[in-house]
Amino acid sequence: MATALISVRSEDPVRDAESLTDWLRGEPALAGKVRLTGGAPRPGQLGTALDTVTVLLGAGGPLTVLASCLRAWITQPRRSDVRLKVELDGGRVVEIDAKRVDAEDVERLLRQAREEGPDQDARD
């Protein structure tokens with residue numbers, strides 16, 4: 001089963017990762033497939049912060065559902081200072097900046113990263 005790791009970058013990444021996790025868990029198609037995990041320790045940290053959201057994806061549909069949920073979550077007014085780094089299996093990465101990405105591009109960016117290759121960026 002494919003996996004998406006979503007790192008939250010914001011003023012309060014732990015709070016925002018918890019918020020995103022709760023939001024995704026509210027989607028019936030993602031029930032039981034979302035968990036809050038830790039990223040790599042930051043310099044000076046002994047442990048990891050729970051600022052990464054892990055989502056288990058199957059073929060087709062769940063990616064569309066994930067994109068729809070991310071679009072809805074990130075376009076809320078209070079999310080304008082949030083960046084999401086979505087890493088899909090195979091090392092493919094998409095960065096979504098709430099200030100720069102058109103909400104309709106989220107699904108296209110995720111599909112493109114899944115199908116084409118690494119380092120796709122929402123700012124391109």
Name every donor-acceptor pair, under 3.5 Å, that has one atom in a side chain of residues 5-12 and the other anywhere in the protein, sequence neighbours excluded.
residue	atom	partner	partner atom	Å
Ser10	OG	Asp12	N	3.3
Ser10	OG	Asp12	O	3.3
Ser10	OG	Asp16	OD2	2.6
Asp12	OD1	Arg15	N	3.2

> Going by heavy atoms in the side chains, are Ile96 and Ile74 under 4.5 Å from each other?
Replying inline: yes
> Are the side chains of Trp73 and Leu24 in touch, meaning some heavy atoms are under 4.5 Å apart?
Replying inline: no
> Among Val94, Leu20, Val53, which residue meets the side-chain contact (heavy atoms from CB on, under 4.5 Å) test with Leu70?
Replying inline: Leu20
> Got a sec, which residues hit side-chain contact (heavy atoms from CB on, under 4.5 Å) with Ala72, two or more places apart in sequence or on another chain?
Replying inline: Trp23
>> Quick check for you: to the nearest 0.5 Å, what is the distance between Leu56 atom CG and Leu30 atom CG?
In response: 9.5 Å
> What is the distance from atom CG of Leu36 to atom CG of Asp51, rounded to the nearest 0.5 Å?
Replying inline: 8.0 Å
Considering all heavy atoms of both residues, which atom of [X] and which atom of [Y] are nearest to each other, and what is their separation?
X     : Y     : value
Arg35 : Thr21 : C-CG2, 4.5 Å
Val65 : Glu27 : CG1-CG, 3.3 Å
Ala4  : Leu88 : CB-CD2, 3.7 Å

>> Holding to side-chain hydrogen bond (donor to acceptor under 3.5 Å, both in side chains), I want the full list of residues that pass it with Thr54, two or more places apart in sequence or in another chain.
In response: Thr37
>> Go through it in stages, so that I can follow the logic: the residues are Arg83 and Glu95, the test is salt bridge (Lys or Arg N to Asp or Glu O under 4.0 Å), and I'd like the CA-CA distance, side-chain angles, deciding distance and then a yes or no.
In response: CA-CA 7 Å; Arg83 288 179 58 99; Glu95 291 196 20; 2.3 Å; yes
